[in-house]
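Values below: all heavy atoms of this structure, side chains included; hydrogens, waters and symmetry mates excluded. Along the sequence shown, the residues carry numbers beginning at 1. Both ligands and their constituent atoms are indexed starting at 1 by order of listing.
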Amino acid sequence: MNFEEIKADENEYLMHTYGRFNAALVSGKGAIAVDVNGKEYIDFTSGIGVNSLGYCDDGWVRAVTEQAGTIQHMSNLYYSPVQIKAAKKLCQLSGMDKVLFCNSGAEANECAIKLARKYSFDKYGKERNRIITLVNSFHGRTLAALTATGQEAFHNYFFPFNEGFEYAEANNIDDVKTHVSDDVCGIFIELIQGEGGVMPLEPEFVKELTDICAEKDILLLVDEVQTGVSRTGRFLCCENYGIKPDIITLAKGLGGGIPIGACLCNEKLSDVFTPGTHGTTFGGNPIVCAAANEVLSRVADEEFLSEVTKKGDYIREKLAAFPNVRETRGMGMMIGIVTEKDNAKEVAAKCVENGLLILTAKNLLRLLPPLTITYEEIDKGLEILKSVMEE
Ligand SMILES: *Cc1c(COP(=O)(O)O)cnc(C)c1O
């Protein structure tokens, strides 16, 4: 099939939920993707922060295929050594106490919301159930996660939305305080709002939030679905802020390209869920956990992490010299680019034509390269980006 035929079939058989770029990708290696015509692209997206080790990394392929040929799935009614190994590693790396595995970021956040509410229900009764999230946040597409998402544009069509969410302005502690009442059980934040335009929270604001939470036994929930698993140069972005939340959610980069999400909690919450109170058929399936074990064994040592930081700094430095770049935001290899012209979508489409995959967020260009990208690939990609931006 040629590209036009693929595009026609997509239009005919898939629901029209995505504005797609003009490329049908069929294979890849490292930070290079290949389309149906054999054209190569430098990948500055890693999916959307998913392929943390790049395309078809040798160790990752081995881990996944070996697991597929050993035992691919079992129900969560049995003990799964590969799942337990992943949970243990996650606890060691994060300093958290327990893990629940699920299949996506939205699901991890649903779990976080349920966990926070049940903690509060058990201790204070059912009225104390409200969760404060931040304006301009993004927490996923399922109904509660969508309601938690603090952007009006997402609160449409699908009425009724869930009750029990309030939205406070990011970096405005006084606004948060106006929402803090006896009914609040949790404050749910992204440390760097990714889809919202790569907006890092101010450290002082985050510290004040943690103080409010500690004082009132309000749980702090941090959505690290995009920032987690070494994306920002630490295993968790929480480490950049020096905070220890009660609940952390992970997904995107955790499986290196297959669907896994995780909700992590501290000791205070470790006995809140009991058999039957939460679960999922596929969550923590052996194949996804084998993939996660490979990712976790690779991305968390000091040398790897400092490379992520260095590569991020290298990209930022080069971008600063681009004529049409006003500002870059983010940490590590989570990079937002504010351009002089308000044309991020056009630039991204042009980049694809010229052999570079790149993301946008709001009116920014956004880079989430595979963490293993080489300097040579970075240089090549930036050259394409520069020439497109200069057009
Ligand atoms: C992508 C994302 C989600 C949703 O994850 P899905 O796997 O698409 O459900 C939630 N929170 C943040 C911060 C994200 O970036």
Side-chain angles (χ1 to χ4, degrees), residues 15 17-20 45-52 100-116 131-151 153-155 158 162 165 167 170 186-201 206 220-232 236-238 240-241 245 247-264 280 282-285 288 291-292 295 329-336 359-362 364 366-369 371:
M15 293 193 199
T17 48
Y18 303 104
R20 298 184 203 265
T45 69
S46 58
I48 301 180
V50 169
N51 298 333
S52 27
L100 184 137
F101 286 113
C102 54
N103 313 289
S104 68
E107 269 183 64
N109 289 340
E110 295 281 334
C111 176
I113 291 163
K114 286 178 73 172
L115 187 58
I131 293 176
I132 299 173
T133 70
L134 297 181
V135 174
N136 196 46
S137 57
F138 181 82
H139 297 296
R141 301 284 190 163
T142 54
L143 271 170
L146 200 59
T147 312
T149 292
Q151 301 189 48
F154 287 95
H155 299 162
F158 312 115
N162 296 57
F165 290 92
Y167 313 100
I187 299 181
F188 191 14
I189 60 172
E190 293 162 274
L191 291 167
I192 306 174
Q193 295 183 328
E195 304 302 313
V198 195
M199 306 278 276
L201 295 184
V206 174
L220 182 63
L221 293 67
V222 177
D223 179 344
E224 292 233 32
V225 168
Q226 190 164 149
T227 54
V229 196
S230 307
R231 175 56 57 187
T232 68
L236 296 173
C237 192
C238 286
N240 291 316
Y241 285 85
I247 301 176
I248 295 171
T249 55
L250 300 173
K252 290 194 165 87
L254 179 57
I258 44 180
I260 180 171
C263 178
L264 282 56
T280 137
F282 288 116
N285 154 301
V288 298
V295 171
R329 292 203 290 256
M331 293 178 194
M333 284 220 268
M334 179 172 180
I335 299 173
L359 296 160
T360 62
K362 294 276 161 78
L364 273 72
R366 176 169 51 144
L367 314 183
L368 295 169
L371 304 176

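Looking at Q151 and K362, their side chains do bring a donor and an acceptor atom within 3.5 Å of each other. Checked by atom type, the side-chain pair S46/R231 shows a donor-acceptor distance below 3.5 Å.
Residues K252 and V50 meet the side-chain proximity criterion, which asks for heavy atoms closer than 4.5 Å. Within the 4.5 Å cutoff, the side chain of T45 has no heavy atoms near those of the L368 side chain.
For ligand 1, the protein residues within 4.0 angstrom (heavy atoms only) are S104, G105, A106, N109, F138, H139, G140, E190, D223, V225, Q226, K252.
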Evaluation steps, side-chain contact (heavy atoms from CB on, under 4.5 Å), between M334 and Q226: CA-CA 9 Å; M334 179 172 180; Q226 190 164 149; 3.6 Å; yes

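When each of L250, L264, T227, L191 is paired with L236, the side-chain contact (heavy atoms from CB on, under 4.5 Å) condition holds for L250 and for no other.
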